[in-house]
Chemist: 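Have a look at this one.
Per chain, numbering begins at 1; letters A, B, ... match sequence-line order. Only this structure's heavy atoms are used, side chains among them; waters, hydrogens and symmetry mates stay out.
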2 protein chains.
Amino acid sequence: MISVMIVDDDPFVSGSLKIILDNETDIEVKAVAGSGEEAVKLASSVDPDVIVMDIRMEGMNGTEAAEQIIKNGSKAAILFLTTFLDDEYINKALKIGAKGYIIKQDCGSLPSSVRAVASGQAVFGGKVVEKLPDLLNRKDNFDPAEFDITGKELEVIKLVADGLSNKEISEKMFLGEGTVRNMVSSILTKLDLRDRTQLACFYYQKMV
Amino acid sequence: MISVMIVDDDPFVSGSLKIILDNETDIEVKAVAGSGEEAVKLASSVDPDVIVMDIRMEGMNGTEAAEQIIKNGSKAAILFLTTFLDDEYINKALKIGAKGYIIKQDCGSLPSSVRAVASGQAVFGGKVVEKLPDLLNRKDNFDPAEFDITGKELEVIKLVADGLSNKEISEKMFLGEGTVRNMVSSILTKLDLRDRTQLACFYYQKMV
DNA sequence: CTTCGAAAATGACATATGTCATTTACAAAA
DNA sequence: TTTTGTAAATGACATATGTCATTTTCGAAG
């Protein structure tokens, strides 16, 4: 018998989910939480096999709650539900170690997803997989403003990360070579880097 | 009722899988193929909901067969089985549009995986997900041997792509700075690049 | 018009880098 | 043992790079 905890801040949704899952003979909904905070508390007392959790909630959201629950030592497999494609979250969900990420819309497949997750597999909604390659590549959003990087400097960064020399950059941007040199220097200072190679590394690791 | 086709060049394996799946009341094994070629033929005549297929087979391998089957217009969800972690294939499997990639070892979870896949979800073996971020980012184009790049040189490349100077690299590898300089020079020649920055770019674009 | 400030440019300098010819070290092969 | 081949090191050199102080340009604000 698979024991499940449902977490959703919309009572209608959590109710529906409960009905769907309780209808299965091999699945038992042991608890229903209405918030991330409640989920954290219940998780340790109920200790379910699977946690079906909405990822977007008021207050503590799904990933935060999951992080806490895992930190508390729960062995539960966490299955995230999302209304549509909340791109932003999937990356974090994977990092945390979630075992599933599926779309609320097709709740018909929920029971089989729960079983698959309970048996150690990871499940992703059909559409999610297709986007996976792109989503995973996404870096932590680099905000040029935060480092006082101007538009022109951003352009220089890209050209450096393309392997161009100062001279080549100057020709491409219609500037003097010395100017480019100064710009690179200023960029390096702002980003606390040492040389253009480190700048290229920074670009590929944090920006692209 | 979910109709399934099994593909594996090892009769013992395909037999076992058939027994496991036929044991489920809602799953029916409609066909068993012993090779990729046979799978392609059978797929169009049997038209199963799910194809459970070994990825590593003699002759036409799993991904090739899958590619052909999909091209032939089958709507079957394809679930790849792999003996261990065949890293190389998962990338291709995802590109093709496979719906699952799980480890043969835990065949106990196979039925639930089949159901999940049949209902439109995508399933990955537990260990696979953890490696997913790395695997997806891998660019499979670069072969060090093709460019005569030795192991030590490969190490240097990585350190350059980490933003280290020749001096820092030399300390890390217990070599003279001049030696590192020569190695970098030789690498640049082999890869037809101009400077270390281009090398870093190459690394991030073609290798990592 | 003048003033002001940012962007662009210049020149000088120290250092890092890449290339090349040559030498040394050392282990495998003869 | 000698020979040989390769990795490692050295030294010399030209060039690219990064930093800094200073100057020029030029458009907007006064």
Chemist: Is there a salt bridge (charged side-chain N to carboxylate O under 4.0 Å, His left out) between B:K104 and B:D54 once you walk through the steps?
Modeler: CA-CA 9 Å; B:K104 264 185 197 175; B:D54 190 10; 3.4 Å; yes

Chemist: Does B:I51 reach the side chain of B:I69, with side-chain heavy atoms less than 4.5 Å apart?
Modeler: yes

Chemist: Step by step, would you call B:K30 with B:D49 a salt bridge (charged side-chain N to carboxylate O under 4.0 Å, His left out)?
Modeler: CA-CA 10 Å; B:K30 281 266 186 61; B:D49 298 322; over 6 Å; no

Chemist: From the options B:S113, B:S112, B:S119, select the one residue that forms a side chain to side chain donor-acceptor pair (under 3.5 Å) with A:S112.
Modeler: B:S119

Chemist: Tell me if the NZ atom of A:K71 is crowded by more than 12 foreign heavy atoms within 6.0 Å.
Modeler: no

Chemist: According to side chain to side chain contact (heavy atoms under 4.5 Å, CB included), who are the partners of A:E64, at least two apart in sequence or on a separate chain?
Modeler: A:M60, A:N61

Chemist: Between side-chain atoms of residues 158-165 of chain B and protein atoms elsewhere (two or more places apart, or another chain), which donor-acceptor pairs fall under 3.5 Å?
Modeler:
unit_1	atom_1	unit_2	atom_2	d
B:S165	OG	B:E168	N	3.3
B:S165	OG	B:E168	OE1	3.4

Chemist: So, does B:D22 use its side chain to make a donor-acceptor pair with the main chain of B:V29 at under 3.5 Å?
Modeler: yes

Chemist: Mind running a 4.0 Å heavy-atom check of residues 173-182 of chain B against DNA chain C and sending the residues that fall below it, in number order?
Modeler: B:R181, B:N182

Chemist: Is it true that the side chains of B:E58 and B:S35 contain a donor and an acceptor less than 3.5 Å apart?
Modeler: no

Chemist: Which residues within residues 155-171 of chain A lie with some heavy atom under 4.0 Å of an atom in DNA chain D?
Modeler: A:S165, A:N166

Chemist: Quick one: ring pair (Phe, Tyr, Trp, His ring centres under 6.0 Å) pairs with a partner in residues 154-194 of chain A, sequence neighbours left out?
Modeler: none

Chemist: Can you pull the contact range of chain B along DNA chain D, 5' to 3', using atoms under 4.0 angstrom from its heavy atoms?
Modeler: D:dA8 to D:dT10

